[in-house]
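Before any comments, here is the structure.
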Amino acid sequence: MKTKSDKGFTAGKGGEIHQSAGGEIKTMTTQQGVPIADDQNSLRAGSRGPTLLEDQILREKLFHFDHERIPERVVHARGYGAHGYFETLESLADVTRADIFQRKGEKTPVFVRFSTVAGNKGSADLPRDVRGFAVKFYTQEGNWDLVGNNIPVFFIQDAIKFPDLVHAVKDAPDRAFPQAQSAHDNFWDFISFTPESMHMIMWVMSDRAIPRSFRFMQGFGVHTFRFVNAAGKSTFVKFHWKPKQGLQSVMWNEALKINGADPDFHRRDLWDAITSGSYPEWELGVQLFDESFADQFEFDVLDATKLIPEEQLPVRIVGRLVLDRVVDNFFAETEQVAFCTQNIVPGIDHSDDPLLQGRSFSYLDTQLKRLGSPNFTYLPINAPKCPMHHFQQDGHMAMQNPKGRANYEPNSWGAEGGPREDPQRGFSSYPAPVQGPKQRVRSETFADHYSQARQFYLSQTAIEQKHIGDALVFELSKVEKELIRQRMVAHLLNVDSGLAQKVADGLGLEKMPDPAAAAMPTRQDLVTSDKLSILKNGPDSFKGRKLGVLVTDGVDAALFEALQRAVEAEGAMLKIIAPRVGGVKDSKGKHTKADEKVDGGPSVLFDAVVLLPSEEGAKILARDATARDFVSDAFAHCKFIGYCAAAKPLLEAAGIAGMLDDGCIAIDAAEAAPKFVEACRALRVWERETKVDQT
Ligand code: HDE
């Protein structure tokens, strides 16, 4: 047998791994700071002999690796965060003493984490799901966490139902599927027994649950909170985030394909936008109201399955949020950030919403489980950026124990005895009078489960109503037990009979069930609200959107350059897709690199597309299945399609040459490029949908 000498050789010492782009290269050390001479080989008895237990460098490295994971969040496990600032646009001193709302123009640092709810940490970005929109404000009087969603209402009215809801939507305990989606028996079984969910179900079946990106969605605090001013007066408040970029969602068939083409679609979008300087921005709005408004409002303001229409109570814009910095380290920041609804500051207080009250127990509790120590508050992402003094001490990973002799108060050690209370500045709860017998009941004022579901549905455009119906048919078609489908249609009859009929037809139900028994009849008198529609609140610009341009060798240089100029002028992004990622040579012989090879850059990843092949290139692309899909998908997803004359064979091969409509725009001269980009501001050609989808 051939053996090497005990001296052996040193593997992995190739000079190339020590080359650096510049700057001082630091010496690698152990966690104890001991310089490491060899990080490629463990310590052995002989070059082929057993590894020695003595090897503290190997043991430290493996030990740390073995403990890298922390439990993922039980819900909202998949998320993506970024830093930014909140700017106060007007002083709200008359209604709240919260420090952050006192001075117009003041900027407060924030960290925001967006998330899906049901999927695990490694799931895809675009299942049909609610999105989390959690904001940590590092104010000068402590951290305020506004832990909201992109939908203004919730599935349930009482925290005691939350574990059941989450168990039902997540994968079944025996088979561990389906994951990261609600299209299965357990979810719809639970929902069909939970009429209070019907309003939320309308939202989740709408395109709100498949947003184009985090940048194009709204956020809501959901619950009613209280503002309290310096005189101790309380005003109820609901919080709204409104994206400056406008609202936008994708289509369901598109979402299914995006999840395969780029499961990181949303996180990549946020990263790309921020790193390219296109900072996403939201306005913070508040709906303010008093007890008398609450008393005369049709529903209970403590019921998280209801919203207050903006037409009934306008949203006042009081600030703006800008995200301008990506994280340095995903784990340290996005994974370790610990949002807690209990994190409120003087001037902001809870209401008696039973969902909110349960949350405030759950969030602190869950952080202890996830982060393993009550000292998670010292992690840089969680620590306040204002002074912090208290007598809490010790515990796992204590990082900042109080100095000096006193670890209690009151004490007689004067200034050295540590911090003292401040009755004026300190947090004080709003002294809302409370009385009543202790009982396990749901208030009768929470009993109307269908009226706002109907109002939401009727407030949508025809195309949005179609999407809601289609989504219900899709989801319920994945349900195996017919009884569950029937129960759901019975609920829909209480929302809108047309919708119920459409879903029953789509499912092939043989007989229409009776309407579900309702605790209260559905109100027919609620006026529709335009603010509930996405399409009525879209953008008026193509800014921040992505145009995918399919090119080949010989691409017309003049058209290509005109298009690039037009996209830049609009503030949009242009991505080049080509048969090879190495790029193409244009008609003037200039070489341009591609961003994607055609099968890695399907049209679902773009908001609109342009086909600019040469005549020869179009013939080659016409024979390529992925290039044909690029075109036919863009058409089916109602996108604007620009094309040059040479693209005809590709349009024919994709089967759309005979169906071209106003959204298919010829770009045969440079002047046509800016006109095409202008047309793209409408984002989609919705009139096309009924032609391409006649189900
Ligand atoms: Fe959450 N929720 N939730 N939730 N939630 C969590 O906390 C919980 C609810 C929301 O990016 C958990 O840190 C209960 C409503 C967001 O880190 C957990 C109830 C709304 C996030 C928890 C609710 C939300 C969470 C899991 C019913 C919108 C992600 C990990 C009473 C207003 C925050 C964690 C992040 C996360 C409990 C209902 C939003 C277990 C018990 C309503 C955005 O504590």
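Keep in mind that the numbers below use all heavy atoms, side chains included, and drop hydrogens, waters and symmetry copies. All ligand and atom numbering here is 1-based and tracks the order in the structure.
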Applying side chain to side chain donor-acceptor pair (under 3.5 Å) as the test, list every pair that has at least one member in residues 353-365; sequence neighbours left out. His223-Asp353, His223-Arg359, Thr341-Ser360, Arg359-Tyr363
Looking only at protein heavy atoms, which one is nearest to atom 34 (C) of ligand 1, and how far off is it? Thr366 CG2, 3.3 Å
Among side-chain atoms of Tyr430 and His350, is any donor-acceptor pair under 3.5 angstrom? no
Just need the protein heavy atom nearest to atom 13 (O) of ligand 1, so name the residue and atom and give the distance. Gln367 NE2, 2.8 Å
Return the residue, atom name and 0.1 Å-rounded distance of the protein heavy atom closest to atom 40 (C) of ligand 1. Val74 CG1, 3.4 Å
Can a salt bridge be assigned to the pair Lys306 and Asp300 using a cut-off of 4.0 Å between side-chain N and carboxylate O? no
For atom 11 (O) of ligand 1, what is the closest protein heavy atom, and at what distance to 0.1 Å? Arg113 NH1, 2.6 Å
Result, protein N, O or S atoms below 2.8 Å from atom 1 (Fe) of ligand 1, excl. waters, equals 1
Going by the atom numbers of ligand 1, which of them fall below 4.0 Å from some non-hydrogen atom of Phe339? 11 (O), 17 (O), 33 (C), 35 (C)
Just need the protein heavy atom nearest to atom 28 (C) of ligand 1, so name the residue and atom and give the distance. Asn149 ND2, 3.2 Å
Residues passing the salt bridge (Lys or Arg N to Asp or Glu O under 4.0 Å) test with Lys242, sequence neighbours excluded, are Glu310
In ligand 1, which numbered atoms sit nearer than 4.0 Å to a non-hydrogen atom of Ala159? 31 (C)
In the protein, which heavy atom is nearest to atom 17 (O) of ligand 1, and how far is it? Arg73 NE, 2.7 Å
Are Trp282 and Phe133, when compared by the centres of their aromatic rings, separated by less than 6.0 Å? yes
Looking at Arg113 and Glu333, is any side-chain nitrogen of the basic one under 4.0 Å from a carboxylate oxygen of the acidic one? no
Look at the side chain of Thr96 and the backbone N and O of Leu92, then say whether any donor-acceptor pair between them is shorter than 3.5 Å. no
Can a salt bridge be assigned to the pair Asp189 and Arg487 using a cut-off of 4.0 Å between side-chain N and carboxylate O? yes
With sequence neighbours excluded, give me every ring-ring contact (aromatic ring centres under 6.0 Å, His included) pair touching residues 291-328. Phe289-Phe293, Phe293-Phe297, Phe297-Phe299
Can a salt bridge be assigned to the pair Glu311 and Lys531 using a cut-off of 4.0 Å between side-chain N and carboxylate O? no
Atom 43 (C) of ligand 1 has as its nearest protein heavy atom Gly148 O, 3.1 Å
List every atom of ligand 1 that sits less than 4.0 Å from any heavy atom of Leu355, numbering the atoms from 1 in the order shown and giving each element. 27 (C), 31 (C), 42 (C)
Are more than 12 heavy atoms, taken from residues, nucleotides or ligands other than Lys244, located less than 6.0 Å from that residue's NZ atom? yes
